[in-house]
Structure formats: C-alpha cells, structure tokens
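Just below is one structure, and these are the notes that go with it.
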Amino acid sequence: MKIAVLGGSFNPIHIGHLALADEVCTVLGYDKVLFIPTYNPPHKEMNAALPSSERLELVRLACNGDPRFCVDSCEIEREGISYTYDTICFLERTYGSKLDAPIGLIMGDDLLAGFHLWYKARELAEKCTLILARRQVTAEDKKHSNVHFGEYANVSHGEFAFDISSEPLFEHAVRLDNAVLPVSSTDIRSRIAAGNGFKYLVPTAVFNYIKDGSLYGCK
C-alpha cells in the first residue's frame with residue numbers, strides 16, 4: 001500500500017485540499033491520503049483557529065465518502081507541538097509491513113524555502129518521498145497570514161518561485177503539476193467574517209457544519 005500524508009491546520013478544510021489529494025492518488029498512484037490536522041504547529045501561530053476537535057470534525061466530514069481519503073488524529077491526540085517527523089515515525093510503526101513504498105509527504109510550494117528549518121528535516125527527506133505541490137498564495141493570505149516564529153519568520157512563504165535545485169534536501173523529491181485553485185482557508189474565513197458567500201469553496205457537509213454551528217462568525 002502506498003500512503004501519502006497531507007497535514008495542516010485545515011482551518012477550515014476546502015475543495016483545494018481535496019483536489020490536491022485526488023491528484024496525488026490519480027497521478028502518482030497512491031492508495032491512501034491521510035489528512036492529519038495539526039494540534040500546535042511549531043513555526044507559526046494560527047489565526048482565528050477553531051478548537052482542534054472542531055477542525056478534526058470538519059476534516060472527517062470532508063473525507064467521508066471517498067475511500068482513498070482517511071483522517072488520522074494522531075497529532076491532536078499527541079498534543080504539544082506537532083512535529084512532522086514524529087508523525088511520520090508514528091505512521092511507520094502503525095502501518096509497518098503494509099507499506100509498499102516510503103510514505104509520501106505532500107508539501108505546498110509556499111513551504112519549500114523554509115523546509116530546512118523543520119525539525120529533523122534531513123531525516124524527513126530520507127524517510128519520505130517529498131511531494132512538492134503547487135499552491136497559489138492569494139492577496140488575502142498575505143494580508144492575514146499566520147504569525148511565524150524565529151528563523152522561519154524571515155523566510156518567504158510563496159512570494160516567489162523557490163528554486164528547488166538550490167536545496168539538496170529536495171534532490172529526490174517529486175514535483176506534482178497539480179491544478180491550482182484560487183481558494184484558501186484564510187480567504188474563506190475572511191469571506192465568512194464579511195458575510196460573503198463560500199458555499200461552493202468547501203464540501204457541502206463542511207458548509208452545513210460551519211453554518212449550523214455559526215463557526216467563524218457565520219450567520
């Protein structure tokens with residue numbers, strides 16, 4: 001079995017996340033994509049974040065109905081800082097002999113310039129197949145971006161095309177020429193706060209959950 005991991009705050013999860021996971025399965029031949037909501041990201045402070053339990057429920061609702069998509073709550077259950085290296089080690093122990101290939105780690109290109117600062121980045125690059133996906137950073141993302149900490153605050157996050165050939169950690173990475181949808185969690189939260197429509201930017205079950213629970217100030 002080939003497994004890929006798509007981690008993030010999913011605040012909220014949207015159609016862009018699902019489209020990306022679909023392409024990883026369809027184009028690269030992965031059997032499963034594990035959606036793993038973070039508990040506490042190590043490099044940034046999440047803006048206007050829902051409690052982890054509600055973000056997890058949104059991901060479960062979004063993945064329901066597609067057998068290729070699974071939700072793993074390991075980072076939320078572990079609590080503390082959510083280091084990707086610890087998550088990959090956990091998944092290797094969990095799936096063990098079922099794995100036919102190294103676990104794929106899906107990364108948006110807005111993260112590439114700062115990857116060398118990740119906890120045990122070199123070990124991650126050796127353990128995983130790094131899957132580098134295209135991501136559009138919108139003006140709203142830049143305006144309301146999450147606050148980054150330490151050295152990571154000085155790294156560009158999607159403002160220019162990062163040259164992966166300049167970083168040896170990406171020597172064996174796989175580039176995915178995925179469709180780039182002009183949608184982001186930041187923009188969705190902003191639209192909800194402004195009373196604008198967002199119904200078709202998220203799965204129907206996610207929209208209903210946000211609407212029924214008045215999440216993000218939805219009215």
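All of these numbers come straight from a predicted model, not from anything done at the bench. Values reported hereafter were calculated over all heavy atoms of this structure, with side chains retained and with hydrogens, waters and symmetry mates removed.
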T84 side chain reached by L124 side chain, heavy atoms, under 4.5 Å: yes
Heavy-atom closest pair, residues A179 and R134: CA-NH2, 4.2 Å
Any side-chain heavy-atom pair of L50 and Y216 under 4.5 Å: yes
Distance-minimising heavy-atom pair for L169 and A121: CD1-CB, 4.1 Å
Nearest-0.5 Å distance that lies between atom NZ in K32 and atom CD1 in I103: 14.5 Å
Nearest-0.5 Å distance that lies between atom CD in E171 and atom CD in E126: 11.0 Å
Derivation of the side chain to side chain contact (heavy atoms under 4.5 Å, CB included) call for Y95 and L34: CA-CA 12 Å; Y95 288 92; L34 302 182; 3.7 Å; yes
Ionic contact status for D110 with R135, cut-off 4.0 Å: yes
Spacing of CG belonging to D109 relative to CG belonging to L112, to within rounding of 0.5 Å: 5.5 Å
Atom pair NZ/CG of K2 and L99 - distance to nearest 0.5 Å: 11.5 Å
Flag, side chain of S214 to backbone of G217, donor-acceptor distance under 3.5 Å: no
S185 and H14: CA distance, side-chain angles, deciding distance, side chain to side chain contact (heavy atoms under 4.5 Å, CB included) verdict: CA-CA 7 Å; S185 299; H14 54 68; 3.5 Å; yes
Step-by-step side chain to side chain contact (heavy atoms under 4.5 Å, CB included) determination, V5 to I106: CA-CA 6 Å; V5 169; I106 305 168; over 6 Å; no
Smallest separation among heavy atoms of I192 and L215, with atom names: CG2-O, 4.0 Å
Centroid separation F170 to F115 less than 6.0 Å: yes
Value rounded to 0.5 Å, distance of CG in L105 from CG in L111: 9.5 Å
R175 side chain vs I131 backbone, donor-acceptor pair below 3.5 Å: no
Under 3.5 Å donor-acceptor, T94 side chain and F90 backbone: yes
Of all pairs that satisfy side-chain hydrogen bond (donor to acceptor under 3.5 Å, both in side chains), the ones with a partner from residues 21-31, not counting sequence neighbours: D22-T26, D22-R68
Minimum heavy-atom distance A205-L61, with the two atoms named: O-CD1, 3.8 Å
Single hit among T129, I3, L130 for side-chain contact (heavy atoms from CB on, under 4.5 Å) with P102: T129
Shortest non-hydrogen contact between C74 and I36, atoms and distance: SG-CG2, 4.1 Å
Check: E123 and W118 side chains under 4.5 Å, non-hydrogen atoms: no
Reference residue R78; test side-chain hydrogen bond (donor to acceptor under 3.5 Å, both in side chains); the match among D86, N40, T87: T87
Audit row: F198, L201, side chain to side chain contact (heavy atoms under 4.5 Å, CB included) steps and yes/no: CA-CA 5 Å; F198 69 102; L201 301 179; 4.3 Å; yes
Between CD1 on residue I88 and CZ on residue R93, distance to nearest 0.5 Å: 11.5 Å
Residues forming a salt bridge (Lys or Arg N to Asp or Glu O under 4.0 Å) with D212, sequence neighbours excluded: none
Plane angle bin for Y85 and Y119 - parallel if under 30°, tilted between 30 and 60°, otherwise perpendicular: perpendicular
R122, CZ: over 12 other non-hydrogen atoms inside 6.0 angstrom: no
Side-chain touch V33/C70, heavy atoms, less than 4.5 angstrom: no
Whether K211 side chain and C218 backbone form a donor-acceptor pair below 3.5 Å: no
Sub-6.0 Å ring centroid separation between H17 and F35: no
Minimum heavy-atom distance E75-S82, with the two atoms named: OE1-CB, 3.2 Å
Within-4.5 Å side-chain heavy-atom neighbours: N11 and L58: no
